[in-house]
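Here the structure is a predicted model, which is why all the values come from computation and not from measurement. We count ligands from 1, going down the list as the structure has it; atoms in each ligand are counted the same way.
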Amino acid sequence: MDLFEYQGKQYFARFDIPVSAGGVADTVDEAVQQANAAGFPVVVKAQVQVGGRGKAGGVKLAANEAEVREHAGHILGLDIKGHVVKRLWVEHASDIAEEYYASFTLDRSAKQHLGMLSAEGGVEIEVVAERNPDAIARIHIDPVDGLTPERARQWVTAAKLNPKATDGAVDILVKLYRCYTEGDCDLAEINPLILTPEGAVHALDAKVTLDDNASFRHPEWDDFRGMAELDPREARAKEKGLQYVGLDGDVGIIANGAGLAMSTCDVVNQVGGQPANFLDIGGGATAEIMAGALEVINSDEKVKSIFINIFGGITKGEVVAEGIVQALERVTIKAPIVIRLDGTNAEEGRAILKSHESDTLISLPTMLGAARKAVELAGGKAQ
Ligand code: GDP
Ligand code: MN
């Protein structure tokens with residue numbers, strides 16, 4: 001689960017990471033109240049889960065009430081890269097001497113945590129990585145050893161932060177590491193981490209992704225969920241327990257097994273189409289699960305055709321076919337369906353599908369052939 005900046009800052013505060021005093025506002029009047037509580041000058045910040053808010057006009061300094069009104073009025077409702085701003089975070093503005101970057105995430109291939117620190121903060125880290133890769137000091141941290149203050153100090157030195165920032169940065173990095181590990185984050189990022197003219201170091205922004213697999217031990221995370229910015233399609237899929245990722249194309253995809261679902265996306269791409277989603281229905285393709293999957297795909301306005309790609313393993317072909325047929329009786333589908341059924345008892349399964357075939361329900365034996373048909377039915381030109 002991705003947190004909004006204000007939630008990330010609330011999370012940081014639990015681990016004693018210094019953040020500016022502030023509060024959330026959903027209206028201009030609330031923004032003024034929060035500004036008075038935080039103390040002028042303030043910064044008014046759009047709460048959307050997308051980077052580069054500053055550049056998009058979603059982060060504004062305000063010296064007085066009139067400016068808060070002006071900026072809050074402008075930012076609320078603003079569309080930032082497809083995300084409409086419904087909430088603001090208003091915090092006491094900081095004086096900035098320098099902007100740094102700090103983050104922890106998991107390096108799967110190294111099987112260790114990865115810390116990244118740079119004296120070039122405030123810009124997207126991908127940009128720094130491209131323009132000046134040496135400006136990022138990386139460390140791998142063995143989860144058993146953790147991050148000691150000594151190691152953090154060496155790391156800060158390697159990143160060439162201003163010596164004035166050393167103590168503050170070491171302190172924050174150790175706390176951020178604790179937040180990342182004990183707080184069960186997939187990502188804990190501060191950009192910018194600032195040094196003030198007075199020599200204080202603190203977090204001006206917060207990007208936190210919580211590891212959903214750990215939610216069972218964090219009942220307090222429920223507080224974060226209310227505002228969660230789930231794709232409506234993903235929310236619907238989640239309710240049904242489906243593994244679903246929304247994409248931008250027009251060919252809806254249903255497959256059993258994550259590997260097959262990914263290959264299906266690849267094949268659709270390969271023949272010149274664009275998948276509308278990734279959807280793994282798992283092992284058992286029952287009528288219940290299939291109907292749920294079709295409902296989710298059906299609710300996506302962009303879908304022009306549906307490609308069901310099932311490889312029968314333990315679940316036999318005829319059971320899968322029956323499941324599809326029953327599901328189609330329950331759900332009225334808006335787009336034509338192409339089915340490729342293979343594996344155990346594929347022949348029996350295809351025979352069942354055959355008796356239900358029409359212009360909008362087509363069964364084809366190969367993955368490539370079925371992908372081409374699905375792309376054509378979506379109005380594309382299959383290669
Ligand atoms: P992002 O653009 O979405 O990453 O939003 P940030 O929260 O990182 O803010 C963008 C930029 O706005 C920062 O890099 C700062 O330069 C500036 N900014 C944010 N907060 C303050 C503040 O309190 N004081 C000043 N002077 N600038 C700020
Ligand atoms: Mn930022």
Select the closest option to atom 2 (O) of ligand 1 among S20, G54, G51, judged by heavy-atom distance. G54
I'd like to know whether K302 forms a side chain to side chain contact (heavy atoms under 4.5 Å, CB included) with Q274, so could you lay out the CA-CA distance, the side-chain angles of the two residues, the decisive distance to 0.1 Å, and finally the verdict. CA-CA 11 Å; K302 290 199 296 278; Q274 294 292 331; over 6 Å; no
Show, in sequence, the C-alpha distance, side-chain angles and deciding distance for I324 and I337, and conclude whether the side chain to side chain contact (heavy atoms under 4.5 Å, CB included) test is met. CA-CA 11 Å; I324 294 171; I337 299 177; 5.9 Å; no
With backbone taken as N, CA, C and O and side chain as the heavy atoms from C-beta onward, which portion of D95 lies under 4.0 Å from ligand 1: side chain, backbone, both, or neither? neither
Using heavy atoms and a threshold below 4.0 Å, how should the contact between K45 and ligand 1 be classified: side chain, backbone, both, or neither? side chain
Are any non-hydrogen protein atoms located under 4.0 Å from atom 11 (C) of ligand 1? no
Mind reading off the angle at the Mn ion (ligand 2) between the O atom of N191 and the OD2 atom of D205, rounded to 10°? 100°
Atom 20 (N) of ligand 1: the protein heavy-atom neighbour that sits closest, reported with distance to 0.1 Å: L204 CD1, 3.3 Å
Is the count of non-hydrogen atoms from other residues, nucleotides or ligands lying under 6.0 Å from E301 atom CD greater than 12? no
Checking side chain to side chain contact (heavy atoms under 4.5 Å, CB included) for the pair V338/S305: CA distance, chi angles, key distance, verdict? CA-CA 8 Å; V338 183; S305 71; 5.8 Å; no
Can you find an N or O of D205 that's nearer than 3.5 Å to an N or O of ligand 1? yes
Which of the numbered atoms in ligand 1 are under 4.0 angstrom from any heavy atom belonging to E99? 13 (C), 14 (O), 15 (C), 16 (O)
For atom 3 (O) of ligand 1, what is the closest protein heavy atom, and at what distance to 0.1 Å? R53 NE, 2.7 Å
If we only count N/O pairs under 3.5 Å, is N191 in contact with ligand 1? yes
Give yes or no for whether the N/O distance cutoff of 3.5 Å, strictly under, is met between H92 and ligand 1. no
Note, L204 side chain near V43 side chain (heavy atom, < 4.5 Å): no
Whether the Y6 and E91 side chains hold a donor-acceptor pair (N or O, under 3.5 Å, no angle test) is what I'd like checked. no
What do you reckon, is CG of D248 surrounded by more than 12 foreign heavy atoms closer than 6.0 Å? no
Considering only protein heavy atoms, determine whether one is less than 4.0 Å from atom 17 (C) of ligand 1. no
Heavy-atom proximity to atom 26 (N) of ligand 1, picking from G58, A93, S94, points to S94
Looking only at protein heavy atoms, which one is nearest to atom 27 (N) of ligand 1, and what is the separation? I96 CD1, 3.3 Å
Could you tell me whether Y177 and W155 have their ring centroids closer than 6.0 angstrom? no
Distance, nearest 0.5 Å, that separates CD of E5 from CD of Q10: 10.5 Å
